[in-house]
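Input: a single structure, listed below in structure tokens.
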Amino acid sequence: MMPPKPTPRPEKVSLWRYLKLFREDILSAQPAKLYRAWMAEFRTSFFRSYMINDPTLINLVLKERPDDFPKSDRIGAGLRPLLGESVFLTNGETWKRQRRIIDPSFEGGRLRETFPAMWVAGEAAVVRMHGLADGQPHDIEPETSHAAADVIFRTLFSIPIEDAVATRVFDKFRSYQRTQPILNLAAFIPGPTWMPRFFKSETKQTAKAIRSLIAGLTEKRLKAIEAGDAPDDLATKIMTTADPFTGETFTVAEMVDQVAIFFLAGHETSASALAWTLYLLALNPEWQDAVAQEAETLTQNFSSVSKLRKTRDVFREALRLYPPVPMMVRETTCPENFRDRDVTKGAQVVLSPWHLHRHERLWENPDGFDPDRWGTDAGKASARDAYMPFSSGPRVCTGAGFAMIEGVLLLAMIVKEFRFDIVDGKQPEPVAHLTVRAKDGMWLRFVPRDK
Ligand code: HEM
């Protein structure tokens with residue numbers, strides 16, 4: 001059975017119908033031709049946007065001249081109350097300075113140090129899931145969300161998700177997402193400047209509550225650093241790293257913005273990736289058995305994760321078919337020429353991992369689940385041109401290395417323990433919420449493997 005794909009909209013619809021569909025779900029709002037096109041222009045009298053699938057153009061925007069294609073302010077509009085001046089939203093010198101301080105904490109050697117905390121989070125997830133392993137249908141998204149949130153809290157602040165503050169942050173994030181979907185219409189399509197952009201007061205209040213909880217954690221940590229008894233986790237590393245250019249470290253206020261994005265970007269995305277991977281394995285029992293078998297070699301030693309080759313290929317393939325961040329938006333800052341078309345200053349440039357990863361001219365069997373492709377020359381060539389679940393270039397996801405370890409580790413630990421099965425009549429329908437999720441939940445049956 002082919003993994004589910006949203007039904008594209010008909011080729012011709014009116015602008016208003018398009019906007020309505022877009023509001024419902026940005027994936028099914030797009031026509032099928034985007035899986036074949038190198039570029040698509042969408043223009044009305046008040047905005048222009050260009051979706052680019054041409055690898056040369058993507059390279060230009062993300063790698064060759066990234067400073068000329070900053071993030072649009074619109075994308076920030078929905079997030080600003082929560083994320084303030086976080087690295088996810090800033091541009092120019094502010095962004096560069098923030099990356100200089102953050103990046104060293106996510107480098108290879110440092111990742112090794114986060115491994116024990118990830119391991120404990122994986123064990124805790126397995127214990128929780130045993131309570132549901134009765135062969136009855138369960139929505140596993142809350143489980144993967146819980147596990148990913150636990151990983152973030154343990155690696156960042158050395159506290160488990162059961163910690164009172166961590167639990168409150170987690171709960172508040174959930175209600176924030178319900179009131180403020182992040183990939184909203186305004187982010188993609190700049191309306192006329194007179195168009196009001198309200199935040200529901202509930203959204204603002206929730207953002208405030210989350211930020212004050214995070215501020216509490218951050219202030220406490222600063223005191224511990226000053227007293228010399230802070231744990232050696234990601235928060236301490238980031239807060240004690242000085243910008244090599246200016247010698248300055250983050251202030252508490254700046255750190256609160258960064259913690260908010262680490263939590264949001266780190267847990268939502270990994271939760272989505274893990275849920276889709278488990279579904280794909282339920283659909284492909286032979287791969288599920290291969291992952292379970294490989295997981296027998298896993299030890300508490302960091303280097304044993306790198307030996308899980310099949311599990312990594314499965315996870316990569318899941319990120320190809322269901323990239324948690326389906327689309328990204330940039331803005332032109334000067335007139336450009338894209339594929340012989342003049343593009344005005346201020347136009348929106350949409351990069352779509354979703355379409356690129358399933359592009360009919362760039363992948364063989366684009367909609368099929370085939371982890372073996374990662375070992376073939378054709379697969380490797382496609383990956384070079386058309387695979388960017390973590391974006392690419394200087395603005396690549398800070399947590400890419402972290403996520404590849406976390407994802408493979410949790411997957412191996414969970415699949416070693418349980419056997420997953422699909423539920424008839426409950427095929428997940430991919431939709432873009434904050435990340436790519438299953439419209440009505442991800443329903444699976446699972447039992448302990450030894451039964
Ligand atoms: C499977 C898991 C993940 C996926 C698929 C993913 C994907 C992405 C993508 C596509 C972007 C670029 C967005 C854009 O440019 O508009 C991004 C940015 C970012 N991600 Fe991730 N991410 C994942 C996990 C993580 C984790 C675990 C962390 C941190 C612990 C993290 C932190 C960030 C941050 C801070 C940014 C902003 C970087 C910048 O703009 O300079 N992500 N992520």
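Start at 1 with the first residue, then count along the sequence. Remember, it's 1-based here, ligands and their atoms both numbered in the order they're listed.
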Distance from atom 24 (C) of ligand 1 to nearest protein heavy atom, with residue and atom: T269 OG1, 3.3 Å
Full working for salt bridge (charged side-chain N to carboxylate O under 4.0 Å, His left out) between D313 and R316: CA-CA 5 Å; D313 286 349; R316 275 190 194 140; 3.1 Å; yes
Verdict with reasoning, F106 to F262, per ring pair (Phe, Tyr, Trp, His ring centres under 6.0 Å): CA-CA 11 Å; F106 285 90; F262 291 147; 5.5 Å; yes
Close approach of M388 to ligand 1, heavy atoms, under 4.0 angstrom: no
Cation-pi, F250 ring and R100 (6.0 angstrom, 45 degrees): no
Contact check, H267 vs ligand 1, heavy-atom distance below 4.0 Å: no
Approximate separation, where rounding is to 0.5 Å, of Q258 CD and M239 CE: 11.5 Å
Polar atom proximity, R395 to ligand 1 (N or O, under 3.5 Å): yes
For atom 37 (C) of ligand 1, closest protein heavy-atom neighbour: F88 CD1, 3.5 Å
For A265, atoms of ligand 1 separated by under 4.0 Å from a heavy atom: 20 (N), 24 (C), 25 (C), 31 (C), 32 (C), 33 (C), 42 (N)
Ligand 1-proximal atoms of V87, by part, heavy-atom distance under 4.0 Å: both
Protein heavy-atom partner closest to atom 18 (C) of ligand 1 - residue, atom, separation in Å: C397 CA, 3.7 Å
Protein contact of atom 38 (C) of ligand 1 - nearest heavy atom, named by residue and atom, plus distance: R99 NH1, 3.3 Å
Contact summary for E113 and P116, nearest pair of heavy atoms: O-CD, 3.5 Å
Distance from atom 36 (C) of ligand 1 to nearest protein heavy atom, with residue and atom: T398 OG1, 3.7 Å
Interfacing atoms of ligand 1 (cut-off 4.0 Å, heavy-atom, S270): 2 (C)
Close aromatic pair by centroid cut-off 6.0 Å: Y279 and F369: no
Under 3.5 Å donor-acceptor, D233 side chain and S158 backbone: yes
